Structures are given as structure tokens and as C-alpha cells.
Amino acid sequence: STVQGRRASLEVAVGSTEVRRSLLTAPASAVVAPVTNSIALRQESGSATVVSSTIEGAGAIDQRGGVATITASTVEAHDFLPTPAIQNVTNLMLHGSWVGAACAERPATLGWNADADGSCVGGSPQDRPGVPGLLGALVDNGGPTPTRVPAANSPLVDAVPGGTARLCDGSIAADQR
């Protein structure tokens, strides 16, 4: 599914939320004001789990409390804005994900993550900081939501070995990031 909001497409205030195979997007158009305050995932408390999804917005993730786990997903902030992709980290865990913009704070990692500028990942020996994603535009690639496909020469292609638990072991039915 695609979830889009004016300020936040998904806001977790209490309880727990799980999102799978989805696009969480906040607007970036100058028509929607204030652009720099639009967030794809805003979390105040509780727990949020995002699996095999794309999270994209002026500031993709704003986590002020609770626990969030992002697995096998793409996190993109709109590159024409100075807002960090990930900010206000309290307990955010990345696993097998790509972050395509700067982070205000480095989240914890379970490995197999990559980022564009080295500010978001690097806490695990399997992480690949400072790696260009070479991702295509956010378009319909045949799944339930628009995704960004890596180019054939992207270092993200086949970067996670087959059989890696919770990433390349068949536990995620379809890669929808």
C-alpha cells in the first residue's frame, strides 16, 4: 500500500505498528508548506516495524521515542532539501537497508546496510558506508507500490549473501523496496 500524508504519512504515538511492502511518503512539492517539516515516519513512542518498504520524504524518519526497526528497506530524503534523512534517533535499528541521504545521528545496525555518505551506517562489519546506491526513479516496477530499482552496476545488487537470516532466506516474500 502507499501511505501519504501532508505532514507525516505514518505517525506512531502509542502502541505498535507494523508496515510491510509499502511506500511511506511525505510530500516534497513547494506547493505543500512547510516542505521541510514533512516526515514519512514520525514516531513519538511505542514501536514501529517497517519491512521491505520505501520510506521517503523531506525528512524520512523523525524518531523521538519508542523503538523502531527498519529491515530490507530503502530510506530516502529528498536531496534538494537540507533536512537529514534520519533525525532524533532514540532506538532505531537498521538491517539490510539503504539510506540515500545524510543522517543527523547514526542509528544502531544489525548489518548489511549501505548509505551514500557514511553518516548513517558503519556500526557492523557487514555495513557499507559511503556507497553510491545508483537507484532509479521512484516508479511502478511491477509490485504493489512504486520502488527504486538499483542499476545493474549498483554495488547494492547481490550485496547480501544468499541465506542471510531475515534478508535473503525466503522469510521476506517479495522485495518491495
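Just so it is clear, the structure is predicted and the values come from calculations on it, not from any experiment.
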Is a side-chain donor or acceptor of [X] paired with a backbone partner of [Y] at a separation under 3.5 angstrom?
| X | Y | answer |
| --- | --- | --- |
| Asp117 | Gly130 | no |
| Arg148 | Gly136 | yes |
| Asp115 | Cys120 | yes |
| Asp127 | Pro125 | no |

### Query
Do you reckon Val19 sits in the same ILVMFWY cluster as Val75, going by side-chain contacts under 4.5 Å, direct or chained?
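The answer is yes; both residues are in one hydrophobic cluster.
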#### Entry: Candidate pair Ile55 and Leu23, rule side-chain contact (heavy atoms from CB on, under 4.5 Å), full reasoning
CA-CA 6 Å; Ile55 304 169; Leu23 168 62; over 6 Å; no
### Message
Show me the pairs that pass side chain to side chain donor-acceptor pair (under 3.5 Å) and involve residues 128-141, at least two apart or across chains.
### Response
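Residue pairs with at least one partner in residues 128-141: Asn141-Thr147.
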### Message
Which heavy atom of Ser124 sits nearest to which heavy atom of Gly111, and what is that distance?
### Response
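In this case the closest contact between Ser124 and Gly111 is OG-CA, 3.3 Å.
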### Query
Shortest non-hydrogen contact from Pro129 to Gly122?
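For Pro129 versus Gly122, the nearest heavy atoms are CG-CA, 4.3 Å.
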### Task
List the steps and the verdict of side-chain contact (heavy atoms from CB on, under 4.5 Å) for Thr74 and Leu135.
CA-CA 10 Å; Thr74 298; Leu135 300 179; 4.1 Å; yes
### Query
Between atom OG of Ser73 and atom CZ of Arg21, what is the distance when rounded to the nearest 0.5 Å?
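Output value for this atom pair is 12.0 Å.
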### Message
Once side-chain hydrogen bond (donor to acceptor under 3.5 Å, both in side chains) is applied, do any residues pair with Thr49, and if so which ones, sequence neighbours excluded?
### Response
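Thr49: no side-chain hydrogen bond (donor to acceptor under 3.5 Å, both in side chains) contacts found.
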### Task
Quick one: list whatever passes side-chain hydrogen bond (donor to acceptor under 3.5 Å, both in side chains) with Ser171, sequence neighbours left out.
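Applying side-chain hydrogen bond (donor to acceptor under 3.5 Å, both in side chains) to Ser171 gives Asp169.
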Please tabulate, for side-chain N and O atoms in residues 150-161, each donor-acceptor pair with protein atoms closer than 3.5 Å (sequence neighbours left out).
| residue | atom | partner | partner atom | Å |
| --- | --- | --- | --- | --- |
| Ser154 | OG | Gly133 | O | 2.6 |
| Ser154 | OG | Leu156 | N | 3.1 |

